[in-house]
Every structure is written in structure tokens, then in C-alpha cells.
2 protein chains.
Amino acid sequence: MTHHPLKKHIEEIIKLTDEEFEFILSHFETTNKRKHQYLLQDGEIADKEYWIVKGCLKSYFFDESGKEHILQFGMENWWITDYESFVKQSKSKINIDCIEDCELLYITFENREKLTKEMHKMERFWAKKSKFGRIALQNRILSLLKNSTKERYELLLEQYPKLFHRVPKKLIASYLGVSRETLSRLYS
Amino acid sequence: MTHHPLKKHIEEIIKLTDEEFEFILSHFETTNKRKHQYLLQDGEIADKEYWIVKGCLKSYFFDESGKEHILQFGMENWWITDYESFVKQSKSKINIDCIEDCELLYITFENREKLTKEMHKMERFWAKKSKFGRIALQNRILSLLKNSTKERYELLLEQYPKLFHRVPKKLIASYLGVSRETLSRLYS
């Protein structure tokens with residue numbers, strides 16, 4: 001139990017006793033999804049937040065012309081949900097699909113509210129996670145406004161080198177907001 | 001004291017007694033800045049978070065060609081700082097300037113840490129504010145990836161109609177990432 005990957009992950013921010021971690025873990029469920037299966041569709045309410053034990057996912061949405069735009073990728077140790085839909089319990093604007101077979105832990109909205117109330121350490125953990133998430137989004141906006149496609153490609157490569165071995169180039173292009181052909185010119 | 005605008009603002013999220021609010025307010029200082037004066041320059045550490053009592057501000061950064069990009073506007077009842085620099089106490093990438101004469105309340109990083117520890121209500125208040133901030137940023141990214149300039153212009157007009165009377169068109173163009181001329185074609 002001490003070496004559970006989720007315990008290690010939470011302990012990057014707060015220290016836990018084994019008992020505390022067992023209590024936290026009792027609020028989670030496990031699920032396995034196969035490549036191409038989905039976790040969330042736009043129009044649904046995101047009632048779960050997932051923690052990725054193994055696998056790779058994408059969250060994405062369609063513009064009015066039906067073109068797919070990637071909002072976020074997810075890999076091991078990352079959390080994934082539609083944050084707005086989950087927090088507000090409102091209809092989601094985005095979709096989440098598995099790019100690989102995935103092993104996931106999830107916590108429901110109710111259990112997360114309960115755990116936040118019952119355990120101040122977890123309230124602090126999620127507050128901190130939320131801060132970091134906000135900072136990452138702010139940097140993505142700065143990058144979208146400031147950097148060329150080439151610079152954003154290089155930044156992504158630098159931050160997440162593993163992503164390039166696991167994710168089809170078509171999806172990388174969709175994340176960067178360019179065509180597959182434009183991307184080919186950048187990395188060839 | 002009961003009718004202080006900051007009390008009203010905090011009470012949109014959590015209820016406070018007058019004593020609690022006075023305790024909170026004792027952690028803030030007041031400052032007045034004139035139009036064109038700055039609150040933060042890139043390279044500095046953001047050691048204060050500001051709450052806008054009166055006035056209008058912009059946070060912005062320069063790209064490598066020296067072009068200005070607006071990250072955020074701020075008006076009455078909004079909080080403004082470089083969130084990343086403030087949270088991490090790292091060097092800021094952005095600037096914050098007054099577009100009008102401004103009356104501001106601010107809390108230092110140390111006082112905010114102190115107040116968060118001392119008062120669970122304020123920990124919850126800021127956690128909630130951070131959640132909403134993260135959601136707003138996510139929606140800005142969705143909009144940047146998905147919407148045309150015209151759509152983003154209309155969205156801004158719909159969300160913040162007052163902004164258009166207070167902020168020069170040049171700055172609206174810079175927020176939308178287009179030239180002053182392109183913007184003229186949109187709103188004429």
C-alpha cells in the first residue's frame with residue numbers, strides 16, 4: 001500500500017500516513033478502458049475526475065465546421081476531466097477519449113466533495129493542484145498569443161518528449177492548431 | 001464596515017461576521033495609482049495581489065518583435081496580479097499598468113499565506129476563486145482555438161460591455177490578437 005503510485009503522487013505535495021492514504025483510496029474506484037473508448041462526451045455532465053495509472057488520452061472539442069481541436073493530452077500521473085463541467089456540474093463542452101488502452105482511478109464529484117470536507121490535507125492538495133492547473137493554462141494562452149507554431153511545437157517537444165512516441169502526428173497537429181502537412185514541414 | 005465593497009465581494013462566496021471581515025481587512029493595504037502608472041513589470045516578483053476598488057487596468061506582455069499582447073483586463077471587483085509569479089514567487093513574465101486612475105486594495109504574499117493558514121473560510125474563498133480563474137482561462141483557450149476574431153470580439157462585447165467604453169480600441173485589438181485596422185472592419 002505504501003508504494004501505491006497515487007500515494008507517491010499526492011506526497012509530492014503533502015505527506016500522508018498509510019492510514020490516511022487508505023482512507024483517501026477508499027473514495028476512488030478503478031476502471032479500464034480500451035483504445036478509442038471514451039470517458040466523456042460533450043453534452044454530458046462530468047461526474048468523475050480520473051487519475052491516469054497507465055495509458056494516454058486526449059480531451060478535445062469540435063468547432064462549427066466539425067474540425068477537431070485538442071485541449072489537453074493526458075498520460076501517467078495526470079488528472080483528466082472537463083474541469084468546468086466537473087466543478088460546476090454543468091454540461092461538458094469537451095470529449096475525452098483513450099488514445100491507448102488505459103488503466104484509471106476515478107473519484108466521483110460527490111466523493112471528492114466529501115473527502116475535501118472530511119480531510120483538510122486533501123482540500124490543500126486539490127487547491128494546490130488547481131493553482132498549478134491555472135498556471136499551466138495561463139502559460140498555454142501566453143504561448144498561443146506569443147509563439148509561432150514552430151516555437152509551440154518545440155516547447156511541446158521539450159516539455160513532453162514522450163508524447164511524440166505515443167501520439168499520432170495528426171493529433172499533435174490538432175493540438176498546435178495546424179494541418180498535418182504544416183507539421184510535417186516543421187519536424188522533417 | 002458592513003457595507004465595504006470587499007465584504008460584499010467575499011460574501012458572494014462565503015458569509016462573514018463583521019469581526020471576521022475586519023480581521024481580513026487588517027491584512028490589506030490601500031494604494032492609489034494614476035493612469036499610465038504600473039503595478040508590476042516583467043522580471044520583478046509579484047509580491048502583491050490587488051483587488052480593484054475603482055479603475056481599469058491591463059496585464060500584458062511583449063513578444064520577441066516587441067509587439068504588445070493583452071492577457072487580461074481588470075475592472076472594479078476583479079483581482080489582478082501575475083498569478084504564476086505570485087504563487088511561485090518567481091520572476092514575472094508580464095506587466096500590469098493602469099488604463100485609468102485606480103484605487104486598489106492589496107494583500108502581500110506573506111499576508112495571504114498567513115490569512116489562508118489562520119482562517120479556513122479564506123482558504124476556501126481563494127480555492128474557489130482559483131477554480132473560477134482556471135475555468136475562465138480554459139474557456140479563453142477554447143475560444144482562441146475555436147472562434148474567429150469576429151466571434152471572439154462579439155463574445156468580449158457580450159461578457160464585458162462596459163470595457164468598450166473605457167478601453168482604447170487599440171487595446172481591444174491587442175487582446176484579440178489583431179491589428180487596429182482589422183478591428184475597425186469588425187465593429188464598423
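Nothing here was measured: the structure is a model prediction, and the numbers come from that model. Chain identifiers are assigned alphabetically (A, B, ...) following the order of the sequence lines, protein sequences preceding nucleic acid strands; residue numbering begins at 1 within each chain. All heavy atoms count here, side chains included; hydrogens, waters and symmetry mates do not.
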Among the options A/E64, A/K146, A/R134, pick out the one with the most heavy-atom pairs lying under 4.5 Å from chain B.
A/R134
The interface call for B/N139 against chain A, heavy-atom contacts under 4.5 Å, is side chain
Residue-level contacts of residues 150-172 of chain A with chain B, using a heavy-atom cutoff under 4.5 Å:
A/E151
If hydrophobic clusters are built by linking Ile, Leu, Val, Met, Phe, Trp and Tyr wherever their side-chain heavy atoms come under 4.5 Å apart, do B/Y106 and B/F109 end up in the same one?
no
Check for me, please, whether B/W51 and B/F21 land in the same ILVMFWY cluster - side-chain distances under 4.5 Å, paths through other members count.
yes
Side chain to side chain contact (heavy atoms under 4.5 Å, CB included) partner of B/L145, the single match among A/Y175, A/F61, A/Y60:
A/F61
May I ask you to list the residues in residues 83-90 of chain A that approach chain B closer than 4.5 angstrom, counting heavy atoms only, ordered by number?
A/Y83, A/E84, A/V87, A/K88
Go through A/D82 and B/Q138 one step at a time and tell me if the side-chain contact (heavy atoms from CB on, under 4.5 Å) criterion holds.
CA-CA 10 Å; A/D82 177 0; B/Q138 176 166 318; 3.1 Å; yes
With chain B as the partner chain, list the residues of residues 69-81 of chain A whose heavy atoms fall under 4.5 Å from it, by residue number, and write 'none' if nothing qualifies.
A/H69, A/I70, A/L71
Among B/I94, B/N147, B/T116, B/L144, single out the residue with the greatest number of heavy-atom pairs under 4.5 Å to chain A.
B/L144
Write down the atom of B/K93, the atom of A/L142, and the distance for their closest heavy-atom approach.
CD-CD2, 4.1 Å
If you count the non-hydrogen atoms of other residues, nucleotides and ligands that lie under 6.0 Å from NZ in A/K114, is the total more than 12?
yes
Enclosure of A/F62 CZ (heavy-atom neighbours >12, cutoff 6.0 Å)
yes
In the single-linkage hydrophobic clustering (I, L, V, M, F, W, Y; side-chain heavy atoms under 4.5 Å), do A/I14 and A/L105 co-cluster?
yes
Proximity of residues 117-133 of chain A to chain B, residues having a non-hydrogen atom under 4.5 angstrom
A/H120, A/E123, A/R124, A/A127, A/K129, A/S130, A/K131, A/G133
